[in-house]
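The block underneath contains the structure these notes are about, expressed in structure tokens.
The chains referred to below are lettered A, B, ... by the order of the sequence lines, with proteins before strands, and numbering in each begins at 1.
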Amino acid sequence: MKVLQFKNVCLNYYSDKGETVALENVNFDVNEGEFVSIVGPSGCGKTTILSLISKLLTPTKGNILLNGVDITQINKDTKDNFIGYMFQKDQLFEWRTIFKNVTLGLEITHQNTQENIEYANTLLKKYGLWEFKDKHPHELSGGMRQRVALIRTLVLHPKIMLLDEAFSALDFQTRINVCDDIHTILKQENITSILVTHDITEAITMSDKIIVLSNRPAHVKNIHKMNFDKSLTPLKRRESENVSKYFDIIWKELNNEKQGI
Amino acid sequence: MKNKEFKPKYSDGYIKYIHAKNRRKAIILFLQIALLISIIGVWELLARFDVIDTFIMSCPSKIANRIVTLFATGNMLQHSLITLYEATLGFIIATVAGTMIAILLWSFENVRKVVEPYIIVLNSLPKIALGPILIIWVGVGTKAILAMDILIMIVITIISMLNAFISVDKDKIMLLKSMGANKWQILTKLILPHSIQEFVSVLKINVGLTWVGTIMGEYLVSKAGLGYLIVYGGQVFDMDLIMSSTIVLCILAALMYFVVAMIEKRILNKNKR
């Protein structure tokens with residue numbers, strides 16, 4: 001089932017310097033439970049796509065459909081269509097305990113019912129953070145903090161999870177472990193996810209599908225389906241021969257784009 | 001069987017390090033006290049041996065006597081309480097009003113852009129220059145003193161708090177927006193708690209400025225208070241009175257700073273980062 005559809009989406013920016021065409025006829029679909037990565041040259045408009053999905057921007061032309069309904073027609077306050085967002089930094093509130101960070105969204109949306117609090121507790125237990133629930137973020141490691149950031153979003157039952165360079169602030173070893181963790185959690189909870197990244201290997205090992213964007217104004221240059229055993233985690237996928245094969249193809253595409261070929 | 005108490009074992013090197021650290025602390029405290037006693041002692045000796053003129057320089061024993069006499073007659077207490085009342089009230093009004101204005105300016109970006117240049121000009125203006133205007137507008141007496149005091153603190157409070165509000169990470173705001181937060185929720189869940197450290201800094205700045213404002217106000221218009229005593233002492237060339245009032249002022253300012261430091265400790269403990 002198609003959860004998200006981009007249909008000829010265009011976006012123009014206006015500033016003192018004039019008008020910039022950021023996206024031009026962007027078309028792609030995302031199916032339920034799918035993990036999709038978006039890669040492309042720097043500044044091509046990858047994060048712009050996430051801003052459009054989370055309704056922080058409105059398309060100049062074209063339609064974005066969420067479960068078949070135009071996103072502009074969906075009331076922002078509708079709790080059933082929550083779009084989760086994970087940033088480069090975990091953006092935890094340092095003055096709140098881990099539990100208070102996790103339940104932040106429930107407070108904002110006035111959903112802190114017994115049932116939802118129980119769900120938050122279940123997620124904290126399930127993903128090894130229960131003992132830390134009364135600690136403050138500075139007492140946790142980088143990987144644990146990212147897990148807290150993810151659970152903070154999961155308690156709101158997101159329809160789609162957007163990950164904007166969500167792992168790039170971590171050191172290499174932590175990053176690989178966190179990718180593994182987050183991927184496992186998202187798959188277990190069957191959350192449709194879209195990752196924006198510069199790291200091709202990360203995209204290959206985490207995704208079911210990779211969307212390659214062109215230079216600005218961005219359009220979809222290619223869409224690659226990843227052929228891995230579904231039971232493999234990103235860390236295990238790194239051992240597969242397919243990784244280098246996909247890497248070569250996507251690397252060449254991005255390089256050609258950089259050179260304007 | 002008797003429960004054995006847990007005693008952590010430390011290495012000799014660590015014990016030596018702790019001892020050296022404590023010794024250094026004690027030496028610094030001793031030197032601080034010794035410096036004060038030496039200054040007072042030398043001053044007293046110079047006065048006793050007529051090296052300095054006590055009419056112009058006064059001396060510690062005369063100042064101490066004067067403070068005791070003034071407190072015994074109730075004069076010093078009355079003047080101190082008046083100044084303390086003005087300084088405390090001005091401090092509270094300026095801090096609360098300045099923070100409220102900063103919240104309004106954060107909430108309405110266009111208003112902020114309109115008033116920003118005026119705030120900058122007001123900040124660089126020596127507030128004492130507005131003294132005569134304040135006297136004409138609010139009259140002489142406590143009102144004018146409070147107005148001067150508030151004027152000195154409010155602009156810096158607005159600027160500091162506003163800077164703290166707008167320095168909040170944009171992604172944190174975006175996170176709350178993605179959850180559907182409204183402006184009030186962004187303010188109460190993020191902006192205010194994020195700015196608590198800056199608020200404590202403002203409290204510490206204002207606790208110093210409020211005495212400047214109050215004394216300046218009392219110089220201009222008052223008929224009572226420590227500022228009045230100092231001005232009066234100057235007019236009648238009573239150096240002991242000037243020095244006594246200044247010392248009481250120092251003690252009151254230090255006490256107020258101590259109270260604010262206690263508040264800071266409580267606030268920061270509550271908002272562990």
Side-chain angles (χ1 to χ4, degrees), chain A residues 47 50-51 53-57 74-98 100-112 134-139 149-150 152-166 169, chain B residues 99 102-103 106-107 109-110 112-114 116-117 160-204 261-273:
Chain A
T47 300
L50 299 191
S51 299
I53 301 168
S54 57
K55 292 178 74 178
L56 295 165
L57 292 173
I74 299 170
N75 185 356
K76 210 172 180 180
D77 297 331
T78 311
K79 281 144 192 141
D80 296 336
N81 288 303
F82 172 64
I83 309 276
Y85 211 120
M86 269 184 84
F87 299 86
Q88 193 174 358
K89 289 183 193 158
D90 51 62
Q91 303 301 351
L92 296 180
F93 291 7
E94 299 294 334
W95 54 91
R96 286 180 157 243
T97 61
I98 297 307
K100 281 281 201 181
N101 265 291
V102 163
T103 53
L104 174 69
L106 296 176
E107 281 176 37
I108 298 284
T109 52
H110 306 291
Q111 293 185 90
N112 37 359
D134 296 321
K135 304 255 184 234
H136 283 83
H138 71 268
E139 296 171 275
L150 179 66
R152 174 181 61 192
T153 312
L154 290 183
V155 292
L156 294 171
H157 305 283
K159 276 280 160 293
I160 298 175
M161 176 69 84
L162 308 175
L163 303 112
D164 189 1
E165 294 277 1
Chain B
T99 308
I103 290 173
W106 172 82
S107 307
E109 203 185 339
N110 286 336
R112 181 169 86 227
K113 292 219 162 119
V114 171
E116 221 159 32
S160 304
M161 291 314 297
L162 191 57
N163 280 340
F165 294 164
I166 54 184
S167 71
V168 171
D169 194 329
K170 298 277 178 289
D171 279 351
K172 280 200 168 72
I173 296 176
M174 204 164 135
L175 170 80
L176 290 183
K177 280 186 179 169
S178 78
M179 290 170 170
N182 56 34
K183 200 122 196 178
W184 174 251
Q185 286 175 317
I186 293 173
L187 178 73
T188 53
K189 304 279 181 204
L190 171 61
I191 304 293
L192 293 180
H194 175 273
S195 311
I196 202 83
Q197 200 114 35
E198 189 58 39
F199 182 70
V200 170
S201 301
V202 165
L203 287 183
K204 284 168 110 174
M262 297 285 283
I263 295 171
E264 175 190 17
K265 221 174 167 184
R266 281 191 75 128
I267 293 176
L268 294 185
N269 269 345
K270 221 178 155 189
N271 292 275
K272 268 183 195 166
R273 286 163 193 242

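Note that the CG atom of B/Leu175 and the OG1 atom of A/Thr153 stand 7.0 Å from one another [nearest 0.5 Å]. Taken to the nearest 0.5 Å, the NE2 atom of B/His194 stands 9.5 Å off from the CD atom of A/Glu94. From A/Ile108, atom CD1 reaches atom CD1 of B/Ile186 across 8.0 Å, with rounding to the nearest 0.5 Å. Residue A/Met86 holds its CE atom at 12.5 Å from CG of B/Asp171, rounded to the nearest 0.5 Å. Taken from CG in B/Leu192 to CH2 in A/Trp95, the straight-line distance is 10.0 Å, to the nearest 0.5 Å. Between the CG atom of A/Leu156 and the OG atom of B/Ser178 there is a distance of 8.5 Å, given to the nearest 0.5 Å.
Counting heavy atoms from C-beta outward, B/Lys172 and A/Lys89 have side chains that stay 4.5 Å or more apart. By the 4.5 Å heavy-atom criterion applied to side chains, B/Met174 and A/Phe87 are counted as neighbours. When side chains are defined from C-beta on, B/Met179 counts as touching A/Arg152, because their heavy atoms get closer than 4.5 Å. Side-chain contact between A/Lys55 and B/Lys177 is absent, with no heavy atoms from C-beta onward closer than 4.5 Å.
Heavy atoms of A/Gln88 lying under 4.5 Å from chain B are absent altogether. Of the atoms belonging to A/Leu92, it is backbone heavy atoms, and not side-chain ones, that fall under 4.5 Å from chain B.
Crowding of B/Lys265 atom NZ: a count of heavy atoms from other residues, nucleotides or ligands under 6.0 Å not exceeding 12.
The most heavy-atom pairs under 4.5 Å with chain B, out of A/Gln91, A/Glu107, A/Glu139, come from A/Gln91.
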